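Report on one structure; see the data block that follows.
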Amino acid sequence: MEGVHAIHNGQVILAKDAVVPVTLREVQFGFSTYEALRVVKGHAVHLDDHLIRLENSCRGIKLSHPFTKEQISTWVYNLIDVDAIEQASLRIQLYGGKDPQLFVLASSLLSYPDEYYTQGVGAITFAGERLYPSCKTGNLLLNYMALEQARSLGCFEALLVDRHHKVLEGTRSNFFAFKGKELYTASDEQVLLGITRDRVLKAAVRLGFQIVFDAPDADEVGKGVFDEAFISSTSMAAMPLSRIDSRNFSGSYEKTLAIMRLVRSWELDD
């Protein structure tokens, strides 16, 4: 569903009126933070975790605002109630400055074809590191350029590679690679602390895998050192990668899909 209404600083407005002026300095400089979450059966999935991360992102870039987690949570459920939302993708967008502006907007629930999970999706590597990687900010030029490059090559995602040739994360996802019973991923300081990433790590431990906080080396990925790789996000849960550049990953993606099923099963356990 596309939302009929939106929230602006706690007030219910029409979605078409949820706009900011291009003359606003904070808009021009991308001085904003945001969160994207799922609504399933009228329930905002992992809302508390998203609001904690929103606070952390604001603190990380020194974006001061007067809104509390309790207020924003109330506004989220006000929007769910006013539009009778059963399932949707929800975005909380916060612009800083002298008069901070917070919007909550709903759109159709982002989902993917079954074959993305049974057959996997392709990705490319792209040289670049996000500014303030642990913060979810409106500074998305790198993400945009990398993802457009991936799409032009018929791939689903682009994986960002740092100056040390380490594969850190996707433009809209966290990245993981299996080597036997070990699951490799970047350290907390290097990437966005994904809400789903946290569940992926817990699921992996429950399934008996050992977590190695060391971002995979791009050359090793290309040489086939890792036997399975996947990306995770709120909308994807855990999605297997069938190809990274010229390196193909074949098989049933058994390990990734076991994690995906467990992560999805926890969505309504808040």
Side-chain angles (χ1 to χ4, degrees), residues 3 6-11 13 15 17-39 44-80 88-107 110 128-147 160 168-175 186-199 231-236 270:
I7 300 291
H8 176 224
N9 287 3
Q11 301 300 311
I13 61 173
D17 296 327
V19 296
V20 290
V22 295
T23 54
L24 190 66
R25 182 172 181 268
E26 287 70 29
V27 173
Q28 294 173 351
F29 280 71
F31 187 53
S32 65
T33 60
Y34 72 99
E35 285 292 324
L37 58 147
R38 287 161 55 90
V39 176
V45 176
H46 307 319
L47 178 58
D48 287 346
D49 289 338
H50 282 283
L51 295 181
I52 289 170
R53 186 173 65 180
L54 183 68
E55 279 197 348
N56 290 338
S57 295
C58 289
R59 191 177 301 113
I61 64 170
K62 295 180 172 57
L63 191 161
S64 299
H65 66 86
F67 313 115
T68 66
K69 292 194 298 294
E70 293 73 22
Q71 284 178 309
I72 301 171
S73 178
T74 297
W75 300 342
V76 164
Y77 277 101
N78 284 349
L79 182 60
I80 290 173
S89 294
L90 219 63
R91 186 179 181 93
I92 302 169
Q93 183 84 34
L94 177 54
Y95 291 92
K98 180 181 177 182
D99 299 304
Q101 299 189 63
L102 185 143
F103 295 89
V104 185
L105 307 107
S107 59
L110 186 58
E129 303 171 51
R130 289 193 307 110
L131 184 66
Y132 298 106
S134 63
C135 301
K136 198 171 180 72
T137 77
N139 187 339
L140 297 171
L141 178 60
L142 171 64
N143 306 58
Y144 183 89
M145 292 177 62
L147 186 55
L160 303 180
L168 298 182
E169 58 187 342
T171 66
R172 51 194 165 140
S173 62
N174 288 110
F175 174 69
S187 66
D188 289 354
E189 297 77 20
Q190 294 175 296
V191 296
L192 182 69
L193 300 181
I195 306 302
T196 302
R197 177 181 185 263
D198 180 63
R199 269 75 185 179
I231 50 179
S232 75
S233 73
T234 293
S235 61
M236 302 169 200
D270 299 275

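From a predicted model like this one, the values you see are computed outputs, not experimental measurements. Along the sequence shown, residues carry numbers from 1.
Atom-to-atom distance recorded for H50:NE2 and S73:OG is 12.0 Å, nearest 0.5 angstrom. Atom CD of E169 sits about 12.0 Å away from atom OG of S233, to the nearest 0.5 Å. From L51, atom CG reaches atom CG of L37 across 8.0 Å, with rounding to the nearest 0.5 Å. Put simply, OG on S57 and CD1 on I52 are 12.0 Å apart, with the number rounded to the nearest 0.5 Å. Distance check: R25 CZ to T23 OG1 gives 13.0 Å after rounding to the nearest 0.5 Å. From Q11, atom CD reaches atom CG of L102 across 12.5 Å, with rounding to the nearest 0.5 Å.
Considering every non-hydrogen atom in both I92 and I72, the closest pair reads CD1-CG2, 4.1 Å. In this structure, D49 and I195 approach most closely via the heavy-atom pair O-CD1, 3.5 Å. Pairing each heavy atom of L90 with each of A106, the nearest pair is CD1-CB, 3.6 Å. The heavy-atom pair separating A146 from L160 by the smallest distance is CB-CD2, 4.0 Å. Shown here for L47 and Y77, the closest heavy-atom pair between the two residues is CD2-CE1, 3.8 Å. In this structure, C58 and T33 approach most closely via the heavy-atom pair SG-OG1, 3.4 Å.
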Could you tabulate the donor-acceptor pairs under 3.5 Å formed by side-chain atoms of residues 136-145, not counting sequence neighbours?
residue: T137; atom: OG1; partner: N139; partner atom: N; Å: 3.2
residue: N143; atom: ND2; partner: T171; partner atom: O; Å: 2.8

For a quick test of your reading: what N or O donor-acceptor pairs under 3.5 Å do the side chains of residues 93-100 make, sequence neighbours left out?
residue: Q93; atom: OE1; partner: R91; partner atom: NE; Å: 2.8
residue: Q93; atom: OE1; partner: R91; partner atom: NH2; Å: 3.1
residue: Q93; atom: NE2; partner: S32; partner atom: OG; Å: 3.4

>> What verdict does the side-chain contact (heavy atoms from CB on, under 4.5 Å) test give for Q101 and L24, after you've listed the backbone C-alpha separation in whole Å, the side-chain angles of each residue and the deciding distance to 0.1 Å?
In response: CA-CA 11 Å; Q101 299 189 63; L24 190 66; 3.9 Å; yes

> Which is it for N56 and R59 under the side-chain hydrogen bond (donor to acceptor under 3.5 Å, both in side chains) test, yes or no, and what are the steps along the way?
Replying inline: CA-CA 5 Å; N56 290 338; R59 191 177 301 113; 2.7 Å; yes

>> Does E26 form a side-chain contact (heavy atoms from CB on, under 4.5 Å) with V20? I'd like the steps, not just the answer.
In response: CA-CA 10 Å; E26 287 70 29; V20 290; over 6 Å; no

> How far apart are the C-alpha atoms of D17 and H8, what are their side-chain angles, what is the distance that settles it, and do they pass the side-chain contact (heavy atoms from CB on, under 4.5 Å) test?
Replying inline: CA-CA 9 Å; D17 296 327; H8 176 224; over 6 Å; no

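In this structure D198 satisfies the side-chain contact (heavy atoms from CB on, under 4.5 Å) test together with K202, sequence neighbours excluded. Shown here are the side-chain contact (heavy atoms from CB on, under 4.5 Å) partners of A18, two or more places apart in sequence or in another chain: A6, I13, F103, L105. Scanning for ring-ring contact (aromatic ring centres under 6.0 Å, His included) contacts around F67 gives H65, W75, with sequence neighbours left out. Every residue two or more places apart in sequence or in another chain that forms a side chain to side chain donor-acceptor pair (under 3.5 Å) with S187 is listed here: E189, Q190.
The backbone N or O of E35 lies less than 3.5 Å from no partner atom in the side chain of R53, so there is not a single donor-acceptor pair. Listed for the T196 side chain is no donor-acceptor partner under 3.5 Å among the backbone atoms of S232.
In this structure, Q28 places its CD atom where more than 12 heavy-atom neighbours from other residues, nucleotides or ligands lie under 6.0 Å away.
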